[in-house]
Amino acid sequence: MPNIWSIGGGKGGSGKSFITGNLGILLAKGGYKTLLVDLDLGAANLHTIIGLPLPEKSISDFLNKKVGTLQETVEPTPVPNLYLISGAMNDLDIANLAHEQKLKIIRNIPKLPYDYILLDLGAGTSFNTIDFFMISALGIFVTTPEPTSIENIYRLIRSVYFRKIRQVLSSHNFRTLAEEAQERDARATVSNPDILLYIMKELDPEKGEILENELRTFNFKLALNQLRKQDNPNIGALICKIIQRHLALKMHFLGNISFDERVHNAVCKKIPFLDLYPYTQTTLDLRTCHKNLLTIDEAEPILQNVVD
Ligand SMILES: Nc1ncnc2c1ncn2[C@@H]1O[C@H](COP(=O)(O)OP(=O)(O)OP(=O)(O)O)[C@@H](O)[C@H]1O
Ligand SMILES: [Mg+2]
């Protein structure tokens, strides 16, 4: 069973693809068979970050039944152990993806034979983006230090969290219990998860615990990208602390990634940043995030959401 990490961010341009590509390269160089999946349908550009020309195959070949399996859309990359499913050359946009096509992607990704699968997601909190995010309980959220980006990240985390509560509540018996909780206290709604959980646990400790445990399967990380010298380096850890306090989930800080103007140059030259500029603070930061990702994985058993 692969470790599947969804990489998301509320705001466009925060660096999701940059981080997905470079973390993928580090995982592959560390000996893990790693697959990157570009799910930013309509704006896919992950291939450029890892230095690939426009791939010939794409996820739409699978959706349009040009090939029979998702595995057949996998492209090798110049990095040994690193593979890509591209979302480029795609006539599909995430906004007009048919429900069946979405389910086909969601069901088939976890079956792919890799150690790590990183999903590069589009910006925003659209219904389809949240569905893709929830292919896995493991998520990396990418934000910049700008307040607008942080606000959007919080919105995305809440959307994923609330969707999970709705999923659990939509099973018949839970719905009744949630209604009872609301009768007892009108504030016990999905948008007030603390109160809802508290009252549900009082009404039915067993079911309340099931809901809480479901929420605690989320294993989220935060990467703070494009940190400049004048920015507060503690802000990422603080965001994690605040989110952990308000929501019943794991939220660890992966690390700061420094802003470096040469990222632009690497993207233009189509050479992965950490290969073109190996001795920079930003590469060091990416390595630290990679190390933290692996250490936390080893420290805790990973529970995954599997959609069947
Ligand atoms: N640490 C960094 N320092 C400097 N520039 C960066 C850094 N990270 C990313 N960038 C630049 O920011 C821009 C956006 O990066 P990227 O494409 O990875 O963001 P994204 O979150 O995937 O955006 P989108 O939502 O549009 O897919 C790119 O031009 C990239 O070169
Ligand atoms: Mg992107």
Side-chain angles (χ1 to χ4, degrees), residues 5-26 36-52 54-55 58-59 84-90 92-95 118-126 128-130 132-133 139-146 148-157 159 221-233 235-236 253-290:
W5 287 94
S6 303
I7 291 105
K11 207 158 187 278
S14 48
K16 298 176 289 295
S17 302
F18 175 70
I19 289 175
T20 307
N22 285 288
L23 274 185
I25 291 171
L26 288 171
L36 309 178
V37 186
D38 196 343
L39 286 178
D40 192 357
L41 305 179
N45 54 21
L46 185 56
H47 56 280
T48 307
I49 306 265
I50 56 168
L52 269 185
L54 201 58
S58 128
I59 203 160
L84 171 75
I85 293 181
S86 172
M89 297 300 286
N90 210 326
L92 296 162
D93 199 288
I94 188 150
L118 307 186
L119 311 177
D120 182 19
L121 299 177
T125 55
S126 80
N128 286 344
T129 302
I130 304 289
F132 281 155
F133 201 100
I140 300 173
F141 293 86
V142 179
T143 182
T144 71
E146 286 178 16
T148 46
S149 183
I150 295 169
E151 276 168 32
N152 286 7
I153 214 86
Y154 188 57
R155 202 164 296 140
L156 175 61
I157 293 171
S159 301
K221 313 279 173 250
L222 183 82
L224 200 107
N225 190 31
Q226 305 191 32
L227 189 86
R228 293 167 204 248
K229 288 204 171 62
Q230 68 271 26
D231 293 322
N232 178 352
I235 195 155
F253 185 48
L254 216 50
N256 291 319
I257 299 164
S258 306
F259 179 87
D260 189 324
E261 288 196 349
R262 288 166 292 185
V263 171
H264 170 80
N265 203 22
V267 176
C268 290
K269 285 193 161 146
K270 295 189 179 171
I271 301 173
F273 181 84
L274 38 81
D275 287 338
L276 192 58
Y277 300 107
Y279 306 109
T280 54
Q281 184 59 45
T282 301
T283 293
L284 201 68
D285 295 340
L286 287 163
R287 288 186 178 281
T288 304
C289 287
H290 162 248

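Quick caveat: nothing in here was measured; it's all calculated off a predicted structure. Note that ligands are numbered from 1 as they come in the structure, with each ligand's atoms numbered from 1 the same way. We number each residue from 1, following the sequence as shown.
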Of F133, Y154, W5, which is the lone residue that meets ring pair (Phe, Tyr, Trp, His ring centres under 6.0 Å) with F141?
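Testing F141 for a ring pair (Phe, Tyr, Trp, His ring centres under 6.0 Å) against F133, Y154, W5 leaves exactly one candidate, F133.
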S86 and D38: side chain to side chain donor-acceptor pair (under 3.5 Å), yes or no, with the steps?
CA-CA 5 Å; S86 172; D38 196 343; 5.3 Å; no
Quick one: list whatever passes salt bridge (Lys or Arg N to Asp or Glu O under 4.0 Å) with D260, sequence neighbours left out.
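Only R262 meet the salt bridge (Lys or Arg N to Asp or Glu O under 4.0 Å) criterion with D260.
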Would you say [X] and [Y] make side-chain contact, with heavy atoms under 4.5 Å?
X: I59; Y: L39; answer: yes
X: T143; Y: L224; answer: yes
X: T280; Y: F273; answer: yes
X: H47; Y: L54; answer: yes

For the Mg ion (ligand 2), every protein N/O/S atom that sits closer than 2.8 Å, waters excluded:
S17 OG
Residue pairs meeting salt bridge (charged side-chain N to carboxylate O under 4.0 Å, His left out), one or both in residues 263-280, sequence neighbours left out, come to K29-D275
Heavy-atom neighbours of Q230 CD exceed 12 at 6.0 Å
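Yes.
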List by chain and number: which residues place a heavy atom under 4.0 Å from ligand 1?
G12, G13, S14, G15, K16, S17, F18, D40, A123, N225, Q226, S258, F259, D260, V263, V267
